[in-house]
**Q** 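Please find one structure pasted underneath; my questions will follow.
Values reported hereafter were calculated over all heavy atoms of this structure, with side chains retained and with hydrogens, waters and symmetry mates removed.
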Amino acid sequence: MTMQNKSKLSEIMKLAWQFIKRNGYSLRDALRCAWANIRLKAKMLNGIVRFYFTKVDGTVREAFGTLNNRIMPTAEGENKRKHNDTIQVYYDTERMEYRSFKKANLKF
């Protein structure tokens, strides 16, 4: 197994255990959600992706987002936000601004 695969599997397991501890997911659901988050992030690095997540108020939101540097505007100034492992930040191509969602709320 290559070092890159070990790193990806480690990231998936850490994310899955986070879902179990913080959100009460079963191991099966936690692994499914972790894999969905990893796949979504990989797709967003390559282009614009349509995905769904549950908002805090319980409604489901359809989003079109990307993490591709050619599509996103360049960030001006410093990023003063603290890193948060439970949140996925993305660039919303419909609203033309940065948005985020809780990784545990991704619909898969």
Side-chain angles (χ1 to χ4, degrees):
M1 185 178 285
T2 65
M3 198 60 148
Q4 189 177 29
N5 287 342
K6 284 184 182 180
S7 175
K8 187 180 286 188
L9 288 175
S10 174
E11 184 181 355
I12 289 166
M13 289 307 294
K14 285 178 186 175
L15 194 56
W17 281 113
Q18 175 184 325
F19 294 151
I20 290 169
K21 290 177 187 174
R22 292 185 180 171
N23 303 99
Y25 281 24
S26 67
L27 181 59
R28 177 181 177 260
D29 290 338
L31 284 170
R32 285 181 66 204
C33 191
W35 273 105
N37 274 283
I38 297 298
R39 285 188 200 117
L40 175 64
K41 188 174 179 180
K43 287 180 184 178
M44 284 197 297
L45 286 170
N46 292 325
I48 299 171
V49 180
R50 182 175 86 181
F51 60 95
Y52 299 89
F53 62 91
T54 306
K55 293 174 24 174
V56 176
D57 65 2
T59 60
V60 176
R61 183 182 186 290
E62 177 185 39
F64 292 89
T66 188
L67 294 173
N68 190 319
N69 289 331
R70 293 180 306 203
I71 300 171
M72 296 184 329
T74 56
E76 294 151 12
E78 275 185 47
N79 183 2
K80 296 182 181 179
R81 282 188 146 185
K82 222 169 114 177
H83 180 71
N84 188 343
D85 290 334
T86 63
I87 303 292
Q88 175 64 56
V89 177
Y90 67 97
Y91 183 74
D92 192 328
T93 56
E94 288 183 317
R95 298 188 181 182
M96 298 300 187
E97 58 187 22
Y98 287 94
R99 296 258 176 204
S100 63
F101 64 92
K102 291 182 181 181
K103 289 180 181 180
N105 292 346
L106 179 66
K107 293 292 187 186
F108 46 92

**Q** Taking K103's backbone N and O only, do any of them form a donor-acceptor pair with N37's side chain (distance below 3.5 Å, no angle check)?
**A**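 Indeed, once roles are kept as given, a pair shorter than 3.5 Å links the two residues.
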**Q** Taking atom CG of L27 and atom CZ of F19, what is their separation to the nearest 0.5 Å?
**A**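 Reported value, rounded in 0.5 Å steps: 12.5 Å.
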**Q** Which of these passes side-chain contact (heavy atoms from CB on, under 4.5 Å) with L67: L45, N46, I48?
**A**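 Single side-chain contact (heavy atoms from CB on, under 4.5 Å) partner of L67 among L45, N46, I48: L45.
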**Q** Between atom CZ of R50 and atom CD of E94, what is the distance when rounded to the nearest 0.5 Å?
**A**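 One finds 10.5 Å between CZ of R50 and CD of E94.
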**Q** Between the side chain of N23 and the main-chain N/O of Y25, is any donor-acceptor distance below 3.5 Å?
**A**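 Judged by distance alone, no pair lies under 3.5 Å.
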**Q** For the residue pair G65 and F51, what are the closest heavy atoms and their distance?
**A** N-CE2, 3.8 Å
**Q** Supply the atom-to-atom distance R22 CZ to K102 NZ, rounded to the nearest 0.5 angstrom.
**A** 10.5 Å
**Q** Is a side-chain donor or acceptor of T66 paired with a backbone partner of M44 at a separation under 3.5 angstrom?
**A**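 Indeed, once roles are kept as given, a pair shorter than 3.5 Å links the two residues.
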**Q** With hydrophobic residues grouped by side-chain heavy-atom distances under 4.5 Å, do V49 and F53 end up in a single group?
**A**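 Yes.
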**Q** Using the rule that Ile, Leu, Val, Met, Phe, Trp and Tyr join whenever any side-chain heavy atoms are under 4.5 Å apart, tell me whether L15 and F108 fall into a single cluster.
**A**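 L15 does not cluster with F108.
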**Q** For atom CD of E62, is the number of surrounding heavy atoms from other residues, nucleotides or ligands below 6.0 Å larger than 12?
**A**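 Yes, CD of E62 has more than 12 neighbouring heavy atoms, counting only those of other groups under 6.0 Å.
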**Q** Where is the tightest heavy-atom contact between L31 and A16, given as atom of each residue plus distance?
**A** CD2-CB, 3.8 Å
**Q** Under 3.5 Å, side chain of Y90 to main-chain N/O of F101, donor-acceptor pair present?
**A**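 Checked: no pair found.
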**Q** Check the hydrophobic clustering (I, L, V, M, F, W, Y; side-chain heavy atoms under 4.5 Å; chains of links allowed) and say if F64 and M96 are grouped together.
**A** no
**Q** Identify the two heavy atoms, one from S26 and one from I20, that lie closest to each other, and give their separation to 0.1 Å.
**A** O-CG1, 4.2 Å
**Q** Heavy atoms only: give me the nearest Y98-P73 pair and the separation to one decimal.
**A**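 The answer is OH-O, 3.3 Å.
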**Q** Does any part of the side chain of Q4, heavy atoms only, come nearer than 4.5 Å to the side chain of K8, both counted from C-beta?
**A**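 With C-beta onward as the side chain, the pair stays apart.
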**Q** What heavy-atom pair brings Y52 and L106 nearest, and what distance separates the two atoms?
**A** O-CD1, 3.4 Å
**Q** When you compare the side chain of H83 with that of D85, does any pair of heavy atoms fall below 4.5 Å?
**A**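 Yes, side chains in contact.
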